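One structure is given here, and the rest of the page talks about it.
In the text below, chain A, chain B and the rest are named by the order of the sequence lines, each starting its count at 1. Because the structure is predicted, anything quoted here is derived from the model rather than measured.
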Amino acid sequence: MEKSISNKEIADLLRKVAAAYTIKDENKYKFQIIAYQRAADSIEHSSSEVKDLWDEGKISEMAGIGPSIEAHLDELFKKGKVKHFQEIFKGLPEAMFEMLKIPGVGPKTAFKLCKKLKIYQKKGAILKLEEAIKLGKVRDIEGFGEVSEEKILKGIQELARKTERILLPIASKIALEVINYLKENKSVLRADPLGSLRRQCSTIGDIDIAVASDNPKQVIEHFKKFPNKVRMLEAGERTASLIHTRGYQIDLMIQPPSAYGALLQHFTGSKHHNIKLREIALKKGYSLSEYGIRPVKKGEKLEIGSEKEERPQGKLIEFATEEEFYKFLGMDWIPPELREDTGEIEASLSKTLPKLVETKDIKGDLHLHSNFSIEPSHDIGENSPEKIIQKAASLGYEYVAFTEHNPSVSQHSISQILTLLRRKKEYIEQLNISRINNLSIKAINSLEIDIKPDGSLAIPEEGFKFLDFAIVSVHSSFIMDKKRMTERILKALSYPKAKILGHPTGRKLNEREAYEADWEKIFQFCKQNNKFLEISAYPDRLDLPDFLVKEAAKVGVKMVISTDSHKVSQMDFMPFGVAVARRGWATKEVILNSLPFEKIKKFLLNS
DNA sequence: GCCGTTTTCGGCCCGACTGTTTTCAGTCG
């Protein structure tokens with residue numbers, strides 16, 4: 001019986017190996033440590049399960065996995081453990097690896113604490129450490145003091161809090177508020193979000209803001225007076241941090257306009273993007289940093305026993321814009337959404353970066369809940385179809401689809417359901433010829449239908465004739481094995497009128513994991529049968545996730561970006577769905593609702 | 001231990017901060 005091992009578990013194991021090597025002999029194993037950390041990163045960020053790749057014999061295709069680690073993983077999957085790893089772990093207390101979870105505690109610190117405090121067992125290790133600190137026992141250990149006790153304690157508290165990551169729309173709103181405030185000061189020449197927010201990740205850690213200014217002191221003073229804060233954390237010469245009243249940390253970094261490009265580039269990341277970029281730069285003889293680019297000459301060969309040699313450094317070259325920064329390295333500017341080291345650097349060097357879809361390309365919203373009284377089992381929309389059409393017009397759309405939830409099955413007879421569906425069809429038809437039509441928004445009569453656990457759809461067969469097309473979605477029985485869930489979804493998509501799979505993975509950010517399904521199989525089915533996958537712009541869904549968008553597009557599946565709005569204000573979420581698509585390398589060619597009505601008709605209304 | 005538009009051998013990203021030290025080790029992004 002093979003035990004399934006998740007990517008996270010494998011990555012954790014490889015990081016343990018790296019930590020163990022650090023303790024054994026950091027200098028001797030210096031490059032093994034890096035190699036194992038890289039392999040761990042690579043696996044953790046992989047969009048496919050390593051176990052699946054192993055089954056297919058494709059594990060060595062992963063970056064950072066060579067013959068040695070491949071052999072170890074082979075052993076891991078076959079026997080459930082790795083002899084070589086066991087030997088490396090020998091003599092190291094399990095408790096040490098537990099303590100590594102504490103922010104600010106690395107291998108050396110963890111090992112020392114375990115040894116000196118005689119904490120060996122994994123279970124309760126952090127609790128015992130906390131007790132030892134409270135008894136003042138840590139300050140007596142060489143290399144520790146009262147301040148480090150406090151620091152570890154804070155780390156333990158932080159670990160316990162495990163603060164949720166901020167949803168993209170919330171982070172965007174807060175960042176905009178801070179940026180607008182900063183711009184009130186005339187010393188602020190430019191201000192932009194940084195980090196995962198600028199890369200438009202679906203969830204954000206801290207909110208980092210870049211400012212271009214020749215007068216950093218004045219900017220910091222202004223920042224210190226930001227009204228919506230709990231307190232300042234620190235304020236230095238060109239950096240400052242505060243806690244926003246919403247509880248999130250806001251970091252500020254300032255550079256003169258002449259060096260602003262390098263600042264933006266550096267702190268936008270991602271870490272992996274930057275590492276790869278610096279490696280490439282170094283081969284061309286340049287060293288990159290947040291201040292700019294510096295030519296370097298490789299040092300002479302090291303003498304045996306000599307200390308590490310400084311590379312002779314040239315004069316720093318500054319960059320006002322990111323475009324110039326990348327251009328200097330012979331690259332096209334890379335949209336921040338792509339900067340994850342998943343091929344964008346190579347594409348930039350070969351001038352083959354995709355032209356990503358933009359919000360202005362979107363011609364309509366195909367997932368909207370109005371307040372039309374269809375007596376659904378799930379939540380009803382807040383606003384009338386007419387109001388939604390007005391909003392659509394203000395967004396420059398050509399069409400909208402009304403996709404209320406299906407009438408509840410338990411509360412209605414079949415004939416009642418058919419009556420409701422007929423009534424809605426007639427209503428939408430009226431709408432299309434009514435005076436609201438002079439806004440020339442085409443209304444499409446659709447429905448979001450529950451996929452029942454057996455894959456059948458929750459309206460009677462005769463009901464489909466009242467629909468232009470249907471979105472089908474899983475709203476119940478999320479826990480189901482992969483095979484059954486895949487069959488369930490494929491069966492639902494087999495209905496002729498079922499065209500779009502709504503919020504395909506069912507994930508809820510900070511709340512619920514995606515259910516398991518064989519996405520490759522679903523992608524193939526969609527491609528062959530002209531079915532489409534939704535990219536939900538709804539803030540806690542953002543589903544399909546970006547990496548699956550990329551895979552779906554690779555297979556040739558078209559997608560639809562929709563807001564799943566339950567009130568008109570939510571129709572403004574569209575850019576967040578576009579952000580997910582962009583992170584998935586989507587061009588407008590793979591986004592169905594970038595097409596005008598006449599063209600989507602043949603895809604959606606053809607059965 | 002991994003990897004290759006300078007290499008199949010000889011390299012391997014960059015800088016800041018912090019706390020404990022009197023010159024540096026550990027951790028982080």
Nearest-angstrom distance, [atom1] atom, [N] to [M]:
N      : M      : atom1 : result
B:dT6  : B:dG1  : P     : 27 Å
B:dG10 : B:dC17 : C1'   : 33 Å
B:dC14 : B:dT20 : C1'   : 24 Å
B:dG11 : B:dT7  : C1'   : 8 Å

Ring geometry between A:His222 and A:Tyr181 (parallel below 30°, tilted from 30 to 60°, perpendicular above 60°): parallel

Residue-phosphate contact under 4.0 Å: A:Ser148 side-chain N/O, B:dT20 OP1/OP2: yes

Stepwise side chain to side chain contact (heavy atoms under 4.5 Å, CB included) check, A:Phe77 with A:Ile59: CA-CA 12 Å; A:Phe77 288 127; A:Ile59 215 165; 4.0 Å; yes

Nucleotide nearest A:Leu282 (side chain, heavy atoms from C-beta), chosen from B:dT6, B:dG1, B:dC12: B:dC12

Nearest-neighbour nucleotide for the A:His72 side chain, B:dG15, B:dG1, B:dT20 considered: B:dG1

Identity of whatever pairs with B:dT8 - Watson-Crick or G-U, under 3.5 angstrom: none

A:Phe97 six-ring centre to A:Lys122 NZ/CZ under 6.0 Å and within 45° of normal: no

Candidate list A:Trp333, A:Tyr260, A:Tyr326, test side-chain hydrogen bond (donor to acceptor under 3.5 Å, both in side chains), partner A:Gln265, passing option: A:Tyr326

Contact letters for nucleotides 22-29 of chain B, in which S counts primed atoms plus P, OP1 and OP2 and B counts the base, heavy atoms under 4.0 Å: ----SSS-

Salt bridge present between A:Lys51 and A:Asp55 (N-O < 4.0 angstrom): yes

Ion pair A:Lys173/A:Glu177, N-O distance below 4.0 Å: no

Base of B:dC12 and ring of A:Phe31 stacked, centres under 5.5 Å, planes under 30°: yes

